[in-house]
Amino acid sequence: MAFPAPSGRRHGANHTTPGSSHHPYRVGLFVPLSSAAAVWGPSCMACAELAAEEINRAGGLKGREVQLITVDAGAAPMAVADAAERLLDDEAIDVVLGMHISAVRNALAPRVSGRAPYIYTPLYEGGEARQGVYAIGETPEDQLRPALAWAATQRGAKRWALVGNDYVWPRASHAQARRFIAEFGGSVVGEAYLPLGTEDFDHCLEALAALDADAVLLSLVGQDAITFNRAFGDRGLHRRMIRLSMCIDENTLLGIGAENSLNLYAASGYFTSLDTDANHAFIERYRGRFGDRAPVPSALGQSIYEGFAFLNAASSSGMDRPLRIPGARGAVYLNNGCKLNPIYLAEADGIEFRVLPQALSLPRQAAASHWT
């Protein structure tokens with residue numbers, strides 16, 4: 001689908017001619033402001049505001065001012081989809097840009113597909129192929145597989161327990177993890193899935209303590225990850241086994257607390273502490289706009305910033321060639337199944353992540369020959 005989408009008629013006070021350079025380009029910003037994922041909301045909102053302001057200062061999206069229409073994507077998936085459909089019916093948005101869980105994406109995509117571009121920014125389980133849905137984040141092949149290889153070779157992790165929330169991303173990612181773990185000579189000795197919003201992990205932790213596991217792969221979202229890891233630390237399990245997560249960011253780590261972060265690792269396409277010129281410039285702009293007490297940008301918030309950069313680049317150059325996305329890390333997008341995004345491994349150091357020298361670097365090097 002072409003960028004930007006045709007605007008059509010707008011309701012309300014703005015009666016400028018549709019398609020004119022004065023008509024705003026309205027971005028439906030779908031980020032979690034409630035539920036377990038709400039811990040990510042503040043950084044997502046800040047990164048969206050920064051991105052929109054920067055685009056507008058540079059002249060807008062093909063001369064059109066970017067405006068944000070925010071929707072709480074932490075609500076029930078069908079309620080979020082209903083909200084998107086109402087906005088599209090009212091011609092109130094030109095694009096959907098979302099950082100939210102995959103259950104919401106699966107509800108949204110059928111309502112949005114063919115009506116407006118849908119840019120989905122976070123890591124996810126892979127396999128998204130619906131029309132007009134641009135999933136720009138990491139998948140387990142790129143993010144999880146090398147992290148599990150590192151854990152096997154560097155930490156001797158062979159016996160794994162898998163713990164996640166009970167929805168599509170943890171289940172689909174863990175299905176792939178089983179294959180990767182076996183490939184590296186390991187085995188899965190236990191597996192548990194818990195509802196979003198779980199507050200009592202005692203039964204799960206008792207079962208986990210009884211297992212002879214070396215490591216835990218955690219696919220818990222936001223506040224659930226905080227609650228689980230606090231209880232994990234209280235039981236002293238952080239001294240017995242390592243934990244690896246794909247979605248624990250700096251904001252989640254702050255909630256977990258330094259006392260519970262021993263032997264906790266994360267693999268991600270972005271960490272706020274990355275020592276690169278692009279990231280230093282991004283952090284300087286972010287802190288300059290919001291101050292030192294602002295929420296940490298983190299991988300999830302930065303993905304929203306990257307989503308706006310994707311939108312801007314696609315609007316300018318189209319989608320007929322690999323899309324280089326300017327931002328804090330330097331990603332390249334070919335299609336939903338083929339991206340060249342940097343992947344890093346980090347160890348929790350108190351309430352911060354320290355990127356390890358064994359950074360996983362760029363995945364899918366073989367795919368580089370496809371790009372010009």
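Starting from 1, each residue takes its place in the sequence as its number.
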Enquirer: For the ring pair F353 and Y265, is the centre-to-centre distance below 6.0 Å?
Expert: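 No; Y265 has its ring centre 6.0 Å or more from that of F353.
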
Enquirer: Counting only N and O atoms by type, is there a donor-acceptor contact under 3.5 Å from the side chain of N341 to the main-chain atoms of G269?
Expert: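 Not at all, since once roles are kept as given, no pair shorter than 3.5 Å links the two residues.
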
Enquirer: Taking all non-hydrogen atoms of both residues, which atom of V332 and which atom of R324 are closest, and how far apart?
Expert: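 Looking at all heavy atoms of both residues, the shortest contact is CG2-NH1, 3.5 Å.
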
Enquirer: For the residue pair N229 / R243, report whether a side-chain donor-acceptor contact shorter than 3.5 Å exists.
Expert: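 On atom types as modelled, these side chains qualify, holding a pair under 3.5 Å.
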
Enquirer: Test of understanding: with side chain to side chain donor-acceptor pair (under 3.5 Å), list the residues that count as partners of W169, not counting sequence neighbours.
Expert: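 W169: side chain to side chain donor-acceptor pair (under 3.5 Å) contacts with S173.
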
Enquirer: Under 4.5 Å between any side-chain heavy atoms of R235 and L208, yes or no?
Expert: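 They are not in side-chain contact.
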
Enquirer: Mind checking whether F290 and Y286 have parallel, tilted or perpendicular rings, split at 30° and 60°?
Expert: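 Rings of F290 and Y286: tilted, 30 to 60°.
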
Enquirer: Does F30 reach the side chain of V104, with side-chain heavy atoms less than 4.5 Å apart?
Expert: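 Answer no - side chains too far apart.
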
Enquirer: Does atom CD1 of I69 have more than 12 heavy-atom neighbours, drawn from other residues, nucleotides or ligands, at distances under 6.0 Å?
Expert: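 Buried by this count: over 12 neighbours within 6.0 Å.
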
Enquirer: Tell me the closest heavy-atom pair linking A75 and S34, and the distance in Å.
Expert: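 Looks like N-OG, 4.0 Å.
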
Enquirer: Identify, with sequence neighbours excluded, every residue that meets ring pair (Phe, Tyr, Trp, His ring centres under 6.0 Å) alongside F201.
Expert: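 With sequence neighbours excluded, F201 shows a ring pair (Phe, Tyr, Trp, His ring centres under 6.0 Å) to F228, given in chain and number order.
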
Enquirer: Taking the side chain as every heavy atom from C-beta outward, state whether M45 and L33 have any atom pair closer than 4.5 Å.
Expert: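 They are in contact (side-chain heavy atoms under 4.5 Å apart), so the answer is yes.
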
Enquirer: With clusters defined by side-chain heavy atoms of hydrophobic residues (ILVMFWY) lying less than 4.5 Å apart, directly or transitively, does F232 cluster with L194?
Expert: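 Yes: a chain of side-chain contacts under 4.5 Å links L194 to F232.
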
Enquirer: Can you name the closest pair of heavy atoms from D224 and N165 and give their distance?
Expert: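 That closest heavy-atom pairing would be OD2-ND2, 2.8 Å.
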
Enquirer: Assigning hydrophobic clusters by single linkage (Ile, Leu, Val, Met, Phe, Trp, Tyr; side-chain heavy-atom cutoff under 4.5 Å), is Y193 placed with V163?
Expert: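 No, it is not one cluster - the side chains of Y193 and V163 are not joined through contacts under 4.5 Å.
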
Enquirer: Check the angle between the aromatic planes of F310 and Y134 and answer parallel, tilted or perpendicular using the 30° and 60° thresholds.
Expert: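 If you compare the ring of F310 with that of Y134, the planes turn out tilted.
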
Enquirer: A147 and L345: which non-hydrogen atoms are nearest, and at how many Å?
Expert: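 So the two residues come closest at CB-CD1, 4.5 Å.
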
Enquirer: Name all residues meeting the side chain to side chain donor-acceptor pair (under 3.5 Å) criterion together with H238; count only those two or more places apart in sequence or in a different chain, and write none if there are none.
Expert: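 Side chain to side chain donor-acceptor pair (under 3.5 Å) list for H238, sorted by chain: empty.
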
Enquirer: Can R64 be said to sit on top of Y25's aromatic six-ring, NZ or CZ under 6.0 Å from centre and within 45° of the ring axis?
Expert: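 Because its charged atom misses either the 6.0 Å distance or the 45° angle limit, R64 does not stack over Y25.
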
Enquirer: Check this for me: D277, atom CG, are more than 12 non-hydrogen atoms of other residues, nucleotides or ligands nearer than 6.0 Å?
Expert: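 Atom CG in D277 is not packed in, count stays at 12 or less.
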
Enquirer: Check whether any side-chain heavy atom of C338 sits under 4.5 Å from a side-chain heavy atom of Y333, and report yes or no.
Expert: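 The answer is no; the side chains never approach within 4.5 Å.
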
Enquirer: Quick one, Q302 and F282 - any side-chain contact, counting heavy atoms below 4.5 Å?
Expert: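 In short, these two side chains touch, coming nearer than 4.5 Å.
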
